[in-house]
Structure formats: structure tokens, C-alpha cells
Amino acid sequence: MAFSSILYSPIHFSLPKPHCHPNRSKPLSITAVIPPISAAADVAAVSDAIDSTTIAVIGGGSVAALAAMLSLSDPEKRRQMQAEEVGGGDKDVVKEYFNNDGFQRWRRIYGDTDEVNKVQRDIRIGHAKTVENVMKMLLDEGPLSGVTVCDAGCGTGCLSIPLAKEGAVVAASDISAAMVSEAEKQVREELLNGKDELPPGLILPKFEVKDLESLDGKYDTVVCLDVLIHYPQNKADGMIAHLASLAENRLILSFAPKTIYYDLLKRVGELFPGPSKATRAYLHAEADVERALQKVGWKIRKRGLTTTQFYFSRIVEAIPA
């Protein structure tokens, strides 16, 4: 599904009257554009926005206003408010978001429309690189024709489509009915290409609306890309264990890695949320993911990392130990 929810938010600070320019009748207002970093960012974006001018205006009478703003922008409070609105926890928030505002946003990001900003275009490139890297991991082991693959958290079908083109038997699912409907549409357009029948050797993926913990069946390979970011580690552990139980030979996961550097950027971004609602972003330490795999008898065989200016994703391929 989706991986990052970054928007630029204009933050307005007004200088107290003693600092007004002598020729001005109103207090000087300065707008600082601060990039909220939910899951991916570049430190230059932050340093460019939070410069000496921004720091200088956070003084005098503006301190109280800024303190109030930071209190209102507390990420945990936002998460609790979202959960209360939909009457549930993280899973309910994710489902609500990707069936409404999130669906519209990520359909644009994952699509080929020009109606995206610089950050969204960069995320599109990053996600496409992750899909490309995962396909390479899979094909390194041989042809995919006839191989059963579970695409857990399929989004708009970005991975399901290239898998099906390689002849894999794909079972795709997503917690969002809107995403599943769009994925089915995209797959038919890509594979049928205006014709009544599929090319020889290809099978249309089977789609269904399900969350990760509701998936069943057995597959040669299970892939879950950019989904764990929506859940804290204690819930991610259970999801990883369940996904491993569905896989016979391979489990491929991608997640936002938790490092001191990325965690700092994320915390800065959470202080300045964008105007649109989004899910809470959780980073995961690679060691924690590896530990969760080891608990259920799996070990990591391959590792990869996709990074762009506003997107980063750790990829691991696990096999039975």
C-alpha cells in the first residue's frame, strides 16, 4: 500500500510590534515552509526550511503561539483523534484513510498523471524502484511462470501487474476496497490491453478486500511492500508471523527503517503536519523485523535499500531457517 504521506505546510509567524519595520503599519509576517516528514525525507529539505530567519522569528510573543501549535500537532493525539473518529485502532484508521482521502492521493502518486507535486513525484520514483528491486530478487531465483505469489497490501496493483506479466499466479489483497477496485481496473488495462483474451501463459490476478491478518492459503512466495509503516512494532510482529505462515519458500518485506537519522527526521516532520489527514507512520528497526522472523523459524537471506530524496525503504527476503 502506501508508504509516505508528505506535504509541505506553510507555517506563519507574526513578529511582535516592537520588531516592526518603521515604514510598516502592520507587524511583519514571515512564512516558513517546513516539510513534514512522516516516513521519508532529506535532511537538506529540513535545513533549508528551518534557517536562521525562522529561528529568529520564534521569539517574543510568537513563542506562546508556537507552543500551542506544537501541542495541537502532537502525533499521538492526532492518531487517537483519528481512531476515535472511525471507532477503532490503527487498522480502522488505515482502512478509513485508504478508502477516502488516502485513496485519491495515492492513486495519483502510483499512477502516471502529471497532477503531482515534486515530493509526490519523488515518492512515485522511490516506490517504483522498490517494485523493480523486488522483481529482481524474485527473478534471480528463476522464472515466475506458474509460481504462486501472495501480494499482501497490493494497493493499486504496482507489483501485481509485473508479477502477472511474468506468468505468476497472483493472489492480491488490500484492506481498502477502493484500492482493490483500482488495482483490478489497472490490471485489466495492462494485461488485456483492449483485447478480449489474455496472452498465452498469463493469468489475471485474483483480488480480494482483506487485511493482512485475515489472509489464508499457502503460496510459494508472499510479498508485503510498504505496509508495516502503518502499524507499531508489537502489531507488526504478529503480522510478520502470520505472513510467514502463508509462505512456503520466500517472504519479502519492505518497511521504513528505524535509525537515529531517519527517526530524527520523522520526529521533526511530525511537529508540522500537513493539512490533510494521514495515517500514523511507524519506523521499524531492522533488528526487530529480523527477530520477529527468527521467532517463527525464518532467516533473512537478502537485503536491499531503496532511497530517494523523500522515500526510503528497507527490503528483506526471508526463507525458512
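Note: hydrogens, waters and symmetry copies are ignored here, and every other heavy atom, side chains too, is used. Start at 1 with the first residue, then count along the sequence.
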Subject >> Distance-only side-chain donor-acceptor flag, Arg107 / Gln104, under 3.5 Å >> reply: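 Per modelled atom types, Arg107 and Gln104 side chains form a pair under 3.5 Å.
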Original post:
Will you find, in the side chains of Ser214 and Asp211, an N or O donor that is under 3.5 Å from an N or O acceptor?
Top reply: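 The answer is yes; a qualifying pair exists.
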Original post:
For the ring pair His127 and Tyr110, is the centre-to-centre distance below 6.0 Å?
Top reply: yes
Subject >> Gln233: side-chain contact (heavy atoms from CB on, under 4.5 Å) partners, not counting sequence neighbours >> reply: Ala236, Asp237, His284, Asp288
**OP:** Check side-chain contact (heavy atoms from CB on, under 4.5 Å) between Ser181 and all other residues, then give those that pass, not counting sequence neighbours.
**Re:** none
With a 3.5 Å distance limit and no angle check, can you tell me whether [X] reaches the backbone of [Y] through a side-chain donor-acceptor pair?
| X | Y | value |
| --- | --- | --- |
| Thr148 | Tyr219 | no |
| Arg303 | Val316 | no |
| Asn99 | Ala177 | yes |
| Asp122 | Phe310 | yes |

Subject >> salt bridge (charged side-chain N to carboxylate O under 4.0 Å, His left out) partners of residues 132-151, not counting sequence neighbours, each pair once >> reply: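 Those involving residues 132-151 are Lys136-Asp140, Asp140-Lys302, Glu141-Arg301, Glu141-Lys302.
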**OP:** Sorted by first residue and then second, give each salt bridge (charged side-chain N to carboxylate O under 4.0 Å, His left out) pair with at least one member in residues 186-206; sequence neighbours left out.
**Re:**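 Non-adjacent pairs meeting salt bridge (charged side-chain N to carboxylate O under 4.0 Å, His left out): Lys165-Glu190.
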Subject >> Members besides Ile203 in its Ile/Leu/Val/Met/Phe/Trp/Tyr cluster (side-chain heavy atoms under 4.5 Å) >> reply: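 Members besides Ile203, by chain and number: Val169.
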Original post:
Is it the case that more than 12 heavy atoms not belonging to Lys299 sit under 6.0 Å from its NZ atom?
Top reply: no
Original post:
Is there any side-chain hydrogen bond (donor to acceptor under 3.5 Å, both in side chains) pair reaching into residues 240-249, and which pairs are they, with sequence neighbours excluded?
Top reply: Asp220-Asn249
Original post:
Can you say whether the rings of Phe98 and Trp106 are parallel (under 30°), tilted (30 to 60°) or perpendicular (over 60°)?
Top reply: tilted
